[in-house]
Q: 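Would you mind keeping the following structure in view while I ask a few things?
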Amino acid sequence: MNKLLQTFRILHKAYGPQGWWPVTPEGENKPHYGVKITLQRHRFEIAIGAILTQNTAWTNAEKALIALHAKNVLTPEKILKLQKEKLALLIRPAGYFNQKAERLMTLAEFFTTTDITQEETTMLRTKLLALQGVGPETADSILLYAAEKPVFVIDAYTRRIFSRMGYLPENGSYETWQNLFHSMLPKDTILFKEYHALLVKHTKKACRKRPVCETCIFSDTCKKLV
DNA sequence: CGCCAGGGCCTCA
DNA sequence: TGAGGCCATGGC
């Protein structure tokens, strides 16, 4: 078993299944984990969440999602009917609300013309990256969690954890990192979802900016290159 | 009070 | 292509 697969096993054993990405079930008022994605509105909510959580704590992004859900505007059509200023006010807790309101509009427009489940992965990625405000991580989050394509999401946490463990040079490009995971892991959507979610979990628990190495599950092998 | 959070765009070398 | 500034709220 290779190192990346082994690391997944350890994370999974320590933290258990994460059930990402959280979505709002029927009859509920806020996102829940462990919900099976069956509806288009779930996929749209995930994509919206991916924008809202850009460089932002999930708790803040969630407040914005709750507000959107309370106003019953979590569909592309209803987002597009809102004035940008009204939308910005609704998502205010997520921060960068003017930028994000613009980006949500762009995303909503995209969803009215595209069924992401019917798109081929590479083409869909290209289309997403062409949208203003959708970079590699946001695009891949939408691909993996909303479209359920087997694409590994690289984020700051992934780089931090594996850099500290001494796996890779600090300044690899996004594609370099992603290629490593794609080459070392089976192309499995469920695995990619859980792995990324577990990396986030582990970062919050131990591998913070100021790491808590004393109780870390990798303290025996990690190079601790802070 | 300062730091940080599930980035991305733009500018300027 | 990469470093730096900018966008902004809320929790700790």
Side-chain angles (χ1 to χ4, degrees), chain A residues 8 11 15 17-24 30-35 37 43 45-68 84-107 110 125-147 151-164 168-179 181 192-212 226:
Chain A
F8 171 77
L11 287 167
Y15 301 121
Q18 301 299 302
W20 273 37
W21 186 291
V23 293
T24 308
K30 63 174 172 41
H32 290 243
Y33 292 88
V35 178
I37 307 304
R43 301 183 193 281
E45 182 179 335
I46 291 168
I48 293 293
I51 296 285
L52 290 174
T53 197
Q54 286 173 349
N55 200 38
T56 299
W58 174 253
T59 50
N60 284 10
E62 191 188 56
K63 290 176 196 303
L65 280 172
I66 290 169
L68 293 173
K84 197 185 303 176
E85 294 74 18
K86 300 276 192 182
L87 180 57
L89 208 56
L90 277 175
I91 64 169
R92 189 181 140 89
Y96 309 114
F97 47 81
N98 290 314
Q99 277 191 4
K100 286 177 180 176
E102 178 78 35
R103 293 174 184 186
L104 293 192
M105 291 284 202
T106 303
L107 193 69
F110 180 74
R125 189 171 197 271
T126 301
K127 289 180 178 177
L128 287 169
L129 287 174
L131 301 178
Q132 195 65 232
V134 177
E137 186 190 332
T138 304
D140 289 340
S141 291
I142 294 171
L143 284 165
L144 178 62
Y145 291 105
V151 174
F152 202 92
V153 177
I154 304 297
D155 59 15
Y157 294 169
T158 311
R159 298 171 197 247
R160 181 193 297 171
I161 290 172
F162 289 101
S163 294
R164 283 177 176 168
L168 272 190
E170 285 276 350
N171 289 324
S173 69
Y174 187 96
E175 277 68 27
T176 303
W177 281 92
Q178 190 176 54
N179 287 341
F181 282 84
F192 287 3
K193 283 185 184 180
E194 283 301 311
Y195 206 155
H196 175 242
L198 284 164
L199 291 172
V200 174
K201 179 80 169 186
H202 179 61
T203 299
K204 290 175 175 173
K205 178 97 175 163
C207 208
R208 305 177 181 177
K209 202 137 197 169
R210 212 171 80 88
V212 186
V226 183

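Please read all numbers here as calculations on a predicted model, not as lab measurements. Order of the sequence lines fixes the chain letters, A, B, ..., with proteins taken first and strands second; residue numbering starts at 1 for each chain.
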Q: For A:Glu62 and A:Lys30, run salt bridge (charged side-chain N to carboxylate O under 4.0 Å, His left out): C-alpha distance rounded to whole Å, both residues' side-chain angles, the deciding distance at 0.1 Å, then the answer.
A: CA-CA 8 Å; A:Glu62 191 188 56; A:Lys30 63 174 172 41; over 6 Å; no
Q: Starting at CG of A:Leu107 and ending at C1' of B:dG8, how long is that distance when rounded to a whole Å?
A: 14 Å
Q: Which whole-number value in Å describes the distance from A:Trp58 CH2 to C:dG10 P?
A: 16 Å
Q: According to the Watson-Crick and G-U wobble definition with distances under 3.5 Å, which dot-bracket string, read 5' to 3', encodes DNA chain C, using [ ] for crossing pairs and | for pairs with another strand?
A: |||||||.||||
Q: A:Ile142 and side-chain contact (heavy atoms from CB on, under 4.5 Å): which partner among A:Ile46, A:Leu107, A:Val153, A:Leu131?
A: A:Leu107
Q: Take atom P in B:dG8 and the same atom in C:dG10, then report the distance between them in whole Å.
A: 23 Å
Q: Which value, in whole Å, describes the distance between the C1' atoms of nucleotides B:dC1 and C:dC7?
A: 22 Å
Q: Which class fits the ring pair A:Tyr195 and A:Phe152: parallel under 30°, tilted 30 to 60°, perpendicular over 60°?
A: perpendicular
Q: Can A:Ser173 and A:Thr176 be counted as having a side-chain donor-acceptor contact under 3.5 angstrom?
A: yes
Q: Taking for each residue the nucleotide of DNA chain B with the nearest heavy atom, is it A:Thr203 or A:Tyr174 whose nucleotide lies nearer the 5' end?
A: A:Thr203
Q: Can you tell me the distance, in whole Å, between the CD1 atom of A:Ile66 and the P atom of C:dG10?
A: 13 Å
Q: Which part of the nucleic acid, if any, lies within reach of A:Val153 when heavy atoms closer than 4.0 Å are counted: base, sugar-phosphate only, or nothing?
A: nothing
Q: Report the distance from atom CZ of A:Arg210 to atom C1' of C:dC12, rounded to the nearest whole Å.
A: 14 Å
Q: For A:Asn179 and A:Glu175, indicate whether the former's side chain and the latter's backbone hold a donor-acceptor pair under 3.5 Å.
A: yes
Q: Report the distance from atom CD1 of A:Ile142 to atom P of B:dG8, rounded to the nearest whole Å.
A: 10 Å
Q: Mind listing the residues from residues 87-101 of chain A sitting with a heavy atom below 4.0 Å of DNA chain C? Number order is fine.
A: A:Arg92, A:Pro93, A:Gly95, A:Tyr96, A:Phe97, A:Asn98, A:Gln99
Q: Can you tell me which nucleotide in C:dA8, B:dC10, B:dG7 comes closest to the side chain of A:Thr56?
A: C:dA8
Q: Taking atom NZ of A:Lys201 as the centre, report whether more than 12 heavy atoms of other residues, nucleotides or ligands fall under 6.0 Å from it.
A: no
Q: Would you indicate what A:Tyr195 reaches in the nucleic acid, counting non-hydrogen atoms under 4.0 angstrom: base, sugar-phosphate, or nothing?
A: nothing
Q: Quick one: which of B:dA5, B:dG8, C:dG10 gets closest to the side chain of A:Arg160?
A: B:dA5
Q: Going by atom types only, do A:Gln178 and A:Asp140 share a side-chain donor-acceptor pair under 3.5 Å?
A: yes
Q: Figure out the NZ/P separation between A:Lys209 and B:dG2, and round it to whole Å.
A: 17 Å
Q: Round to the nearest Å and state the distance from A:Arg159 atom CZ to C:dG2 atom C1'.
A: 13 Å
Q: Phosphate oxygens OP1/OP2 of B:dG8: is one of them under 4.0 Å from a side-chain N or O of A:Thr138?
A: yes
Q: By nearest nucleotide on DNA chain C, pick out whichever of A:Thr59 and A:Asn55 is the more 5' one.
A: A:Asn55
Q: Specify the residue among A:Val134 and A:Ser141 whose closest nucleotide of DNA chain B lies further upstream toward the 5′ end.
A: A:Ser141
Q: Given 3.5 Å as the limit, does a donor-acceptor pair link the side chain of A:Arg164 with the main chain of A:Arg160, or not?
A: no
Q: Could you tell me if the ring centre of A:Tyr157 sits under 6.0 Å from that of A:Phe162?
A: no
Q: Mind calculating the distance between CD (A:Glu102) and C1' (C:dA8) to the nearest angstrom?
A: 17 Å
Q: What contact category does A:Asn60 fall into here, base, sugar-phosphate, or nothing, at under 4.0 angstrom with non-hydrogen atoms?
A: base
Q: Contact between A:His196 and A:Tyr145 at the side-chain level, heavy atoms closer than 4.5 Å - yes or no?
A: yes
